[in-house]
Protein chains: 2
Amino acid sequence: MSCERATAETLKQSGQRLTPQRLMILSAIRHAGGHMSAAQIMEQVKESYAYIDVSTVYRTLGVLKRMHLVSETDMGLGEYRYEWVERMRHHHLICRDCDNVSLLDDSFLTGLAADILDDHGFRADIDHFAIFGLCEECQRSADTSGGKANGKAKGKEGA
Amino acid sequence: MSCERATAETLKQSGQRLTPQRLMILSAIRHAGGHMSAAQIMEQVKESYAYIDVSTVYRTLGVLKRMHLVSETDMGLGEYRYEWVERMRHHHLICRDCDNVSLLDDSFLTGLAADILDDHGFRADIDHFAIFGLCEECQRSADTSGGKANGKAKGKEGA
DNA sequence: CTTCCTCCTGCAAACAGTTGCAGCTACAAT
DNA sequence: ATTGTAGCTGCAACTGTTTGCAGGAGGAAG
């Protein structure tokens with residue numbers, strides 16, 4: 001758990017306490033190789049401490065989220081996904097028909113964040129976006145099967 | 001209800017049915033002057049039909065969402081907000097400290113959607129974004145109180 | 001080491017949203 | 001007008017997340 005020392009310091013400095021439960025939750029997220037659901041975090045922590053409560057997990061995630069140590073993303077799965085933010089920044093394109101998830105490089109969003117900062121003075125949190133839409137293949141299927149049914153949607157979404 | 005005729009046509013052409021419940025839900029959303037929660041829609045519909053069920057409201061919203069007639073947005077209030085999309089397209093900047101909500105013109109996001117379409121062939125649904133971050137004033141307060149500034153983001157989207 | 005204050009925990013109940021099911025209905029075809 | 005059927009409805013049960021509360025523990029100060 002020595003690798004959590006910096007995090008522990010960050011927590012303490014903002015008036016938060018370092019409890020065994022929090023350490024276990026922290027450790028579970030850090031050592032996972034990617035996104036996790038709250039249930040997966042629970043499961044992992046339960047291996048060392050069976051009495052952990054869901055509300056503790058969510059409350060801890062709330063704290064870590066507020067401190068921007070962990071990102072929370074709705075990937076359309078009916079549950080949030082949590083990830084340690086220190087790993088490389090990336091985003092996701094999620095097809096609403098076939099549910100395929102692909103990666104989107106952060107460079108696509110840096111421009112947006114810069115524009116918003118310039119024009120509105122607003123510093124956007126863009127760590128982990130999930131953007132829904134239609135992948136290339138599903139666009140083709142929609143065009144052939146739907147006829148001109150959704151003529152309106154055929155028009156441009158963003159362009 | 002004559003103003004719903006085009007919508008009715010759209011629904012029918014995609015194999016959906018036009019039921020009284022759907023008409024009432026449709027009407028409630030169209031005649032509201034902005035975002036509504038599912039509960040508010042329920043309440044409104046109940047004035048003319050007391051037996052409407054939550055699941056019917058959500059299922060109908062799901063259909064309308066999928067057809068891009070209505071947008072669904074997580075504005076950080078613990079419940080989704082729904083809005084008729086034919087009104088001018090717009091997005092929101094939401095400050096995570098002071099909860100202030102400001103408008104963001106659609107032009108900021110058209111470029112992003114175009115870039116994604118060009119490079120990934122993916123047609124992003126960007127009907128109604130809520131972008132979280134820090135407003136100008138709260139950035140200043142954070143800077144003076146010695147905050148470290150990093151971001152976490154939540155991507156949520158209306159289909 | 002003790003005291004004290006604040007923050008944290010587990011529990012239970014509440015809340016927003018989803019799902020499986022059996023029966024009903026819109027609506028196209030006849 | 002009648003029929004057939006895909007799709008819709010209300011109900012109830014369920015999932016994921018949040019909240020109020022009373023007791024418990026971290027950790028700074030003495």
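Remember, predicted model here, so these are calculated numbers, not experimental data.
- Residue B:Val85 is not grouped with residue B:Leu103 when hydrophobic side chains (ILVMFWY) are merged at heavy-atom distances under 4.5 angstrom, including chains of intermediate members.
- You'll find the side chain of B:Ile29 stays beyond 4.5 Å of the side chain of B:Glu83, heavy atoms only.
- Here the P atom of nucleotide C:dC7 and the CZ atom of A:Arg22 are 11 Å apart, to the nearest Å.
- Taking atom CD1 of B:Ile52 as the reference point, atom P of C:dG17 lies 16 Å away to the nearest angstrom.
- The nearest whole Å value for the distance from the CD atom in B:Gln13 to the P atom in D:dA6 is 21 Å.
- Ranking D:dT9, D:dC8, C:dC8 by closeness to the B:Gln21 side chain, first place goes to D:dT9.
- Cluster membership check: B:Leu64 shares its hydrophobic cluster with B:Tyr49, using side-chain heavy-atom separations under 4.5 Å among Ile, Leu, Val, Met, Phe, Trp and Tyr.
- Closest to the side chain of B:Arg17, from the set D:dG16, D:dA6, C:dT9, is D:dA6.
- Using a 30° and 60° split on the angle between ring planes, B:His128 and B:His91 fall in the tilted class, from 30° to 60°.
- Taking only distance into account, the side chain of B:Thr56 never meets the base of D:dC8 through a donor-acceptor pair shorter than 3.5 Å.
- Atom CE in B:Met36 sits roughly 13 Å away from atom P in C:dG17 (whole-Å rounding).
- Distances shorter than 4.0 Å separate none of the side-chain N or O atoms of B:Gln16 from OP1 or OP2 on D:dG7.
- Atoms CG (A:Asp53) and P (D:dG24) sit 16 Å apart, rounded to a whole Å.
- Residue B:Leu77 contributes atom CG, which lies 16 Å from atom C1' of C:dG17 at whole-angstrom precision.
- A close approach under 4.0 Å does not occur between any side-chain nitrogen or oxygen of A:Tyr51 and OP1 or OP2 of D:dG24.
- Nearest to the side chain of A:Ser55, among C:dC11, C:dA16, D:dT9, sits C:dC11.
- Taking the six-membered ring wherever Trp is involved, the centroid distance between the rings of B:Phe132 and A:Phe122 does not fall below 6.0 Å.
- For A:Tyr80 and A:His35, the ring centers sit 6.0 Å or farther from each other.
- Of the candidates C:dT9, D:dG27, D:dC11, D:dG27 carries the atom nearest the A:Lys12 side chain, counting heavy atoms from C-beta on.
- Using a 4.0 Å heavy-atom cutoff across all strands shown, A:Gly62 reaches no nucleic acid atom at all.
- What separates CG of B:Leu23 from C1' of C:dT25 is a distance of 14 Å, to the nearest Å.
- Within 4.0 Å of A:Ala39, counting heavy atoms only, lies no atom of the nucleic acid at all.
- Within the nucleic acid shown, A:Arg59 comes within 4.0 Å of at least one base atom, counting heavy atoms only.
- Considering only side-chain atoms of B:Tyr58, the nucleotide from C:dA16, C:dG10, D:dT9 that sits closest is C:dA16.
- The phosphate of D:dC8 (OP1 or OP2) has no side-chain N or O of B:Thr60 nearer than 4.0 angstrom.
- Atom CD of B:Gln40 is separated from atom C1' of C:dA16 by 14 Å (rounded to the nearest Å).
- Taking every side-chain heavy atom of B:Leu18 into account, C:dC27 is the closest of C:dG17, D:dA25, C:dC27.
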